Amino acid sequence: MAAYRQRPPTAILGLTIRYRDPFARRYADPEPVRKDGWDDSSSADLT
């Protein structure tokens, strides 16, 4: 579980999930990009 929380599938795939506030009816501002040491894609070396 710890490994999953450190690098969830969305991080592996390079996806971001946008949060939409149901009361304000707009998307929340994204957090700044954080370097987490997993910059290289797991599929980058596959040919």
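Nothing fancy with the numbering, it's 1 onward along the sequence. Keep in mind that what you see is a predicted model, and the values were worked out from it rather than measured.
Rounding to the nearest 0.5 angstrom, the gap separating the OH atom in Y19 from the CG atom in D29 is 13.0 Å.
The minimum heavy-atom distance between R25 and R20, with the atom names listed, is O-NH2, 3.5 Å.
Residue-environment remark: CG (L15) exceeds the threshold of 12 foreign heavy atoms within 6.0 Å.
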